[in-house]
Visitor: 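The structure follows.
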Amino acid sequence: MSVEWIIGLVIVGIMLLIAASKSVARPVRWIGFAAMQVVIGAILLFFANLIGEMASFHIPINPITAILVGFLRLPGLAALIVIKLWVM
């Protein structure tokens, strides 16, 4: 076996050991929860932009706005709309 294969197997073994450990399960679950909230925020922003298109109103979909709307849901979306209208 070449050195690259041995290094690769050691790295994969360590990753499997970390994945099987209970101490890593909780942070991985939180990362998955946060990613799901960002996706929900992006979907809410998409629908808000779809409806706002009739009034030529647009809120950019970027990571910051998606995180804000994802975690705060409708109050976060309302806050972004008020900020956008106030700044314009």
Side-chain angles (χ1 to χ4, degrees):
M1 267 184 150
S2 66
V3 176
E4 292 87 10
W5 275 99
I6 294 172
I7 292 172
L9 288 174
V10 169
I11 290 173
V12 168
I14 290 172
M15 290 174 67
L16 286 174
L17 183 66
I18 289 173
S21 173
K22 287 191 181 247
S23 66
V24 179
R26 185 170 287 171
V28 169
R29 191 174 344 166
W30 279 104
I31 291 170
F33 175 75
M36 184 177 61
Q37 297 303 317
V38 170
V39 169
I40 290 171
I43 291 170
L44 282 172
L45 282 170
F46 172 75
F47 284 117
N49 286 335
L50 199 63
I51 293 169
E53 189 175 303
M54 292 183 273
S56 58
F57 183 78
H58 177 74
I59 298 175
I61 301 175
N62 56 41
I64 301 299
T65 58
I67 289 171
L68 182 72
V69 175
F71 281 103
L72 297 178
R73 304 289 170 108
L74 291 178
L77 182 61
L80 283 177
I81 291 171
V82 167
I83 290 169
K84 177 81 174 191
L85 291 174
W86 184 56
V87 170
M88 288 176 57

Visitor: Please go through Ile83's hydrophobic cluster and name the other residues, only I, L, V, M, F, W, Y counting, with side-chain heavy atoms under 4.5 Å joining them.
Guide: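 Its cluster mates, by chain and number, are Trp86, Val87.
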
Visitor: Establish whether Leu85 and Leu68 are linked, either directly or via other cluster members, by ILVMFWY side-chain heavy-atom contacts under 4.5 Å.
Guide: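 Same hydrophobic cluster.
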
Visitor: Linking Ile, Leu, Val, Met, Phe, Trp and Tyr by side-chain heavy atoms under 4.5 Å, what else ends up with Ile64?
Guide: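 Members other than Ile64 - counting any ILVMFWY side chain reachable under 4.5 Å - there are none.
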
Visitor: Give, for atom OG1 of Thr65 and atom CG of Leu80, the distance between the pair rounded to the nearest 0.5 Å.
Guide: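 Thr65 OG1 to Leu80 CG: 6.5 Å, rounded to 0.5 Å.
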
Visitor: Kindly write out the residues that satisfy ring pair (Phe, Tyr, Trp, His ring centres under 6.0 Å) with Trp5, not counting sequence neighbours, or none if the list is empty.
Guide: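 Ring pair (Phe, Tyr, Trp, His ring centres under 6.0 Å) check on Trp5 returns nothing, list empty.
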
Visitor: With a 3.5 Å cut-off and sequence neighbours excluded, list the donor-acceptor pairs that the side chains of residues 38-61 form with protein atoms.
Guide:
from  : atom 1 : to    : atom 2 : distance (Å)
Asn49 : OD1    : Ile59 : N      : 2.8
Asn49 : ND2    : Leu45 : O      : 3.3
Asn49 : ND2    : Ile59 : O      : 2.8

Visitor: So which pairs with a foot in residues 67-81 pass side-chain hydrogen bond (donor to acceptor under 3.5 Å, both in side chains), sequence neighbours left out?
Guide: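 Checked against side-chain hydrogen bond (donor to acceptor under 3.5 Å, both in side chains) - neighbours excluded - the pairs reaching residues 67-81 are Gln37-Arg73.
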
Visitor: Hey, can you pull the donor-acceptor pairs under 3.5 Å for the side chains in residues 9-20, sequence neighbours left out?
Guide:
none

